[in-house]
K.L.:
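Dropping the structure in here first, questions after.
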Amino acid sequence: MEAFQLLSRGGARFDKQRFKSDVQLFNKGKISGGPSQTAEKMAEGDLPPELDFFKYVKGGTVKRKAENGSKQEEGDGNLAKRRKLDGDKGEDTGSEEEDVMVPAPPRHRVSTKGSNVPNHVDSFQELKDRYGLSSHLQTNLTKNGYTHPTGIQSYGIPILLESRDLAAISPTGTGKTLAYVLPILQSLGAPSSSSKSNAGSGVRALILAPTRELAHQIHNECLRMAEGRKWRIVLFSKATAATLADKNARDKVDIVISTPLRLVTSLQAGNLALNNVRHLVLDEADRMLDAEFLSQIQEVVAACSHPQLRKAVFSATLPAGAEKIAMEMLQDPIRVVVGLKDTPLPLIAQSLTYVSDEASKLPTLLTYFSQPYNPPVLVFVSSQPRASSLAEELVLNNIPNVDCLHAGMTKKEREDAVSRMRKGESWIMVSTEVMARGMDFKGVREVINFDFPTTVQSYIHRIGRTGRAGREGKAVTFFTNEDAPFLKTIANVLLQSGSPVADWILKLPKPSKMKRKAMGKVKRGDFVNEARRIGRGDAIKKR
DNA sequence: AAAAAAC
């Protein structure tokens, strides 16, 4: 309620004149569709993002430790299957963009590290030749439109098929789910329910994800790929957990997909045994290994007592701390990195928009939505109440088809919101970090960070909801004076992935210095003044 | 560094 009032007040206090120049200035790098994007960025004096990124991944500016057993190759990346954008949504976007073939994205460099790394494959056919990929899986691949393996698929799948532990780092929207689902299905053999199965009784594969929505999405992907076979693939929930309390039912299950706490609850109640699990996958691994989830994960890992247990972790980001924990958990692991670690796809045109203060955010957003945009748009905020109140505020301002999603909503409300999104009924989805990871909405072409993300990882995952499977995307991030301490860090991410950043932001002092300043007695206005002094906007001309 | 998410 408080947040609601705050936002409303903000509306009344908005001074268009005062902020107009800032907003225009920092929107300069925004895309206006397909081909013109490159031109605009060229005008800023930079290389086009593709080239810039390419140069970077070629190792030009990056310092890389030469380590033993490490090799780097050009992966085909294979987002390369370019096609027209789906463009079945957003009838008011009306531009030639829909009909234009965008240039092929950069091929991602793939680097692997570990002992006896299996060769990658260049096609799904090769998986059949080398590993006898079952014909029904091949059929389902074709049926679901998978024609060529992406980078992570062509490297990761052979590794998993050869029963090795794997740590996979690959950008958002590059097909990580299939990379672990396919090997699991291939190795299952006969369903547990069948008399032919001699693989012991009980769950043989376990996939963990941080949110219900993501678990649900993974479940769907499994079902699609398993079509035609009788495996029991269970999305763990209160309801399914109850049915599995019966050991006979439980023994017939082949794959379980769950969130950690749900699983631990059943484990502790003695309603679930994991001693037959051969494949354990942690999706969004860094999220799963951070403080709140870690003990739950450890409990699950401990319960997976089968000697043939193989583990794999997947994520788009893996900070050093999480990577260390992951590597210690794995046995003789192979590490695969596609592209540059902690760098978003260059396909996403990113920009930073200065909004002065909290109160100016809403008006800026309303202005944004009063101009043409490509629905559906995902808007991220920092808390549940802010999500509800912002959604409410947009509705009050007659913005059509606004939706909201956060973990404070009931299971059904959440499911409905996701399904509206999937059906294209939501034009604007206001959400918390729940939606930041893993969710694959192919239509999303714009992400707005209404509240500034608190970590680079959060930023990368949030904007990774767009630009998926080789499509273009756009990401706008609002920042206020209060966000100054973290601004430069995020700005470097933009820069690294080929999006233009205003000079003055790059000239900001080191984040640590800014942070100390922000924590001290320094008035917020100081940042603005300093920014002006350094050369942002018209103000400098007065000097 | 801190919130959100998991039940």
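All chains are named by letter (A, B, ...) in the order of the sequence lines, taking the proteins before the strands, and each is independently numbered beginning at 1.
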K.L.:
Picking from B:dA5, B:dA2, B:dA3, which would you name as closest to the side chain of A:T455?
P.N.:
B:dA2
K.L.:
Identify, with sequence neighbours excluded, every residue that meets salt bridge (Lys or Arg N to Asp or Glu O under 4.0 Å) alongside A:D451.
P.N.:
A:K361, A:R386
K.L.:
Among the nucleotides B:dA5, B:dA6, B:dC7, which one has an atom lying closest to any side-chain atom of A:R262?
P.N.:
B:dC7
K.L.:
Hey, is the side chain of A:T259 poking within less than 4.0 Å of OP1 or OP2 on B:dC7, counting only N and O atoms?
P.N.:
yes
K.L.:
For A:H461 and B:dA3, give me the distance from atom NE2 to atom C1', rounded to whole Å.
P.N.:
16 Å
K.L.:
Taking the side chain of A:A407 as its heavy atoms from C-beta onward, which of B:dA5, B:dC7, B:dA1 lies nearest to it?
P.N.:
B:dA5
K.L.:
If you measure only the distance, is there a donor-acceptor pair under 3.5 Å linking the side chains of A:R422 and A:Q217?
P.N.:
yes
K.L.:
Just compare B:dA5, B:dA1, B:dC7 and give me whichever is closest to any side-chain atom of A:R287.
P.N.:
B:dA5
K.L.:
Quick check for you: among B:dA3, B:dA1, B:dC7, whose closest atom lies nearest to any side-chain atom of A:R212?
P.N.:
B:dC7
K.L.:
Rounded to whole angstroms, how far apart are CG on A:L289 and C1' on B:dA6?
P.N.:
15 Å
K.L.:
Nearest to the A:L261 side chain among B:dA6, B:dA5, B:dA2, which nucleotide is it?
P.N.:
B:dA6
K.L.:
For the pair made of CZ in A:F380 and C1' in B:dA5, what is the distance, rounded to whole Å?
P.N.:
14 Å
K.L.:
Output the rounded distance in Å from CG (A:L214) to C1' (B:dA5).
P.N.:
12 Å
K.L.:
Verify whether one side chain among A:S419 and A:D416 offers a donor that lies under 3.5 Å from an acceptor in the other.
P.N.:
no
K.L.:
Regarding A:P210, tell me which of base, sugar-phosphate or nothing describes its non-hydrogen contacts under 4.0 Å with the strands shown.
P.N.:
sugar-phosphate
K.L.:
Please report, rounded to the nearest Å, how far the C1' atom of B:dA3 is from the CD atom of A:E482.
P.N.:
16 Å
K.L.:
Could I get the full list of salt bridge (Lys or Arg N to Asp or Glu O under 4.0 Å) partners for A:K238, not counting sequence neighbours?
P.N.:
none
K.L.:
Starting at atom CG of A:D290, determine the distance to atom P of B:dA5, rounded to an integer number of angstrom.
P.N.:
13 Å
K.L.:
Round to a whole Å and report the spacing from CZ of A:R462 to C1' of B:dA5.
P.N.:
14 Å
K.L.:
Counting the atoms with a prime plus P, OP1 and OP2 as sugar-phosphate, which does A:R437 contact under 4.0 Å by heavy atoms, base, sugar-phosphate, or nothing?
P.N.:
nothing
K.L.:
Just checking A:T211: base, sugar-phosphate only, or nothing, at a heavy-atom cut-off of under 4.0 Å?
P.N.:
sugar-phosphate
K.L.:
Does the ring center of A:F314 lie less than 6.0 Å from the ring center of A:Y180?
P.N.:
yes
K.L.:
Send over the distance from A:F452 CZ to B:dA1 P, rounded to a whole Å.
P.N.:
15 Å
K.L.:
By nearest atom, which of the nucleotides B:dA5, B:dC7, B:dA3 is closest to the A:T265 side chain?
P.N.:
B:dC7
